[in-house]
Amino acid sequence: MAKIKPQALLQQSKKKKGPTRISITNIVIYSLALLLVILVLFSAYRRWTQRSEIPTHNGRSVLEDAAFPGMKNTNVPRFATLDTAKGSVRIELFKDTAPNVVDQFMRLCQDGYFKGFLFRRVVKHSVIQAGDSGEFDAVKDWALERKNLDTSLKQDDFVVATPKAKNEQGGFEFFIVSAQITDLNEKLTVFGRVAKGQDVVHEIQEVETDEQYQPKSPIEIMSVTLLQDM
């Protein structure tokens, strides 16, 4: 029987050597990577299913249109209460006819923009203006014509409106109009009406003003609260 050389035995042992073992560290790394992929896929699936459940209108989410993310359309506020130094005024918001203005108004309410807002100009029995714009002079024009204004409107007809002209200062101002003004729709966008607190509007209109129709004693809006119902 022929003897096998040591070198041949070494080569044979290498050929019979088993598969390389996978270390525990590699197993842990592969497991974590697989788990991460599963979590990413699951998260993407949840976002997709939740988005498909949100109703849309003209290709946009009604939640986005309402400017209240995370809030169902039925829960979007329909009223705003102005708490003033003279009392509270409840405004019904016309979301259907002036959606962009109402959205802007509600965002500003949420941001506390109207806290400390002043009624800058007051015309007896016709108009009060809230805001800090010095460019818009419609109030002065209406004041000069107030003898011809119809001040016999029903209390439910008190409208809330904002100028159509862009405010160069980038702010927001609005008017509460209690008289029949012929050119109102030409200059203003009506976005609501006074649903409650007409007596407070009358009281504000009765304050003493200077020659520029500015109240001699400041009247401010202390807060604005958005409500779903009256």
Side-chain angles (χ1 to χ4, degrees), residues 78-94 97-98 101-102 104-106 108-109 112-165 167 169 171-227 230:
R78 296 175 51 244
F79 298 89
T81 298
L82 309 181
D83 291 317
T84 76
K86 296 291 185 180
S88 297
V89 178
R90 183 75 51 82
I91 298 173
E92 180 183 0
L93 302 172
F94 294 165
T97 57
V101 175
V102 171
Q104 182 184 11
F105 178 79
M106 289 195 295
L108 293 173
C109 289
Y113 178 81
F114 296 108
K115 185 176 182 179
F117 225 52
L118 294 177
F119 289 103
R120 294 290 184 177
R121 293 182 177 87
V122 173
V123 180
K124 289 184 182 296
H125 311 300
S126 54
V127 182
I128 57 178
Q129 176 190 10
D132 53 6
S133 173
E135 302 294 332
F136 195 75
D137 58 0
V139 170
K140 295 181 181 179
D141 295 338
W142 294 331
L144 295 174
E145 300 174 2
R146 68 182 182 276
K147 292 182 179 180
N148 299 322
L149 297 179
D150 182 4
T151 59
S152 61
L153 288 181
K154 297 178 181 179
Q155 289 191 339
D156 289 343
D157 294 333
F158 290 14
V159 299
V160 183
T162 190
K164 289 184 176 180
N167 190 324
Q169 299 178 4
F172 187 95
E173 60 183 332
F174 63 89
F175 298 80
I176 299 179
V177 183
S178 62
Q180 188 68 49
I181 299 174
T182 55
D183 63 346
L184 183 142
N185 290 328
E186 297 177 8
K187 296 181 178 181
L188 302 177
T189 297
V190 176
F191 69 92
R193 71 175 184 91
V194 176
K196 187 178 180 181
Q198 292 87 350
D199 56 329
V200 176
V201 175
H202 282 307
E203 187 175 352
I204 294 174
Q205 289 177 346
E206 293 296 328
V207 301
E208 189 176 358
T209 63
D210 59 19
E211 295 180 354
Q212 299 297 317
Y213 307 103
Q214 297 179 343
K216 292 185 176 181
S217 298
I219 306 172
E220 71 175 36
I221 297 174
M222 296 178 291
S223 64
V224 179
T225 305
L226 296 174
L227 303 168
M230 283 281 289

Problem - Spacing of Leu118 atom CG and Thr84 atom OG1 [to the nearest 0.5 Å] - result: 11.5 Å
Practice task
Evaluate the side-chain proximity of His202 to Phe158: yes if any heavy-atom separation is below 4.5 Å, no if none is.
Solution key: yes
Handout entry: 4.5 Å side-chain heavy-atom contact, Gln129 and Glu173
Key = yes
Fill in the blank from the handout: Which of Leu82, Thr189, Val101, Ile128 passes side chain to side chain contact (heavy atoms under 4.5 Å, CB included) with Phe174? It is Leu82
Exercise for the section: Starting at CD of Gln104, measure out to OG1 of Thr162 and round the result to the nearest 0.5 Å. Expected result: 7.0 Å
Handout entry: Contact check, side chains of Gln205 and Ser126, non-hydrogen atoms, under 4.5 Å
Key = no
Completion exercise
Value for NZ (Lys115) from SG (Cys109), rounded to nearest 0.5 Å, stands at 13.5 Å
Exercise for the section: State, yes or no, whether a side-chain contact exists between Phe119 and Pro218 at a heavy-atom distance under 4.5 Å. Expected result: no
Exercise for the section: Side-chain contact test, heavy atoms from C-beta onward, threshold under 4.5 Å: evaluate it for Thr225 versus Asp83 and give yes or no. Expected result: yes
Practice task
Would you indicate whether the side-chain heavy atoms of Arg78 and Leu93 approach each other to under 4.5 Å?
Solution key: no
Exercise for the section: For Val194 and Gly197, work out which heavy atoms get closest and say how close. Expected result: CG1-C, 4.3 Å
Fill in the blank from the handout: In terms of heavy-atom contacts, Val122 and Ile204 come closest through CG1-O, 3.5 Å
Practice task
Kindly compute the distance separating CD (Glu203) from CD1 (Ile219), expressed to the nearest 0.5 Å.
Solution key: 8.5 Å
Handout entry: Backbone of Val200 reached by a side-chain donor or acceptor of Lys86 within 3.5 Å
Key = no
Problem - Side chain proximity check, Phe117 to Glu220, heavy atoms < 4.5 angstrom - result: no
Exercise for the section: Show the numbers, then the answer: is there a side-chain contact (heavy atoms from CB on, under 4.5 Å) between Lys196 and Glu92? Expected result: CA-CA 9 Å; Lys196 187 178 180 181; Glu92 180 183 0; over 6 Å; no
Practice task
State, yes or no, whether a side-chain contact exists between Leu226 and Phe79 at a heavy-atom distance under 4.5 Å.
Solution key: no
Problem - For Thr81, side chain to side chain donor-acceptor pair (under 3.5 Å) partners two or more places apart - result: Arg90
Handout entry: Any residue meeting ring-ring contact (aromatic ring centres under 6.0 Å, His included) with Phe105, in chain and number order, not counting sequence neighbours
Key = Phe114, Phe191
Exercise for the section: Quick one: list whatever passes salt bridge (Lys or Arg N to Asp or Glu O under 4.0 Å) with Glu208, sequence neighbours left out. Expected result: Lys216
Completion exercise
CZ of Arg120 to CZ of Phe175, rounded to nearest 0.5 Å, is 12.5 Å
Handout entry: Backbone of Lys124 reached by a side-chain donor or acceptor of Tyr213 within 3.5 Å
Key = no
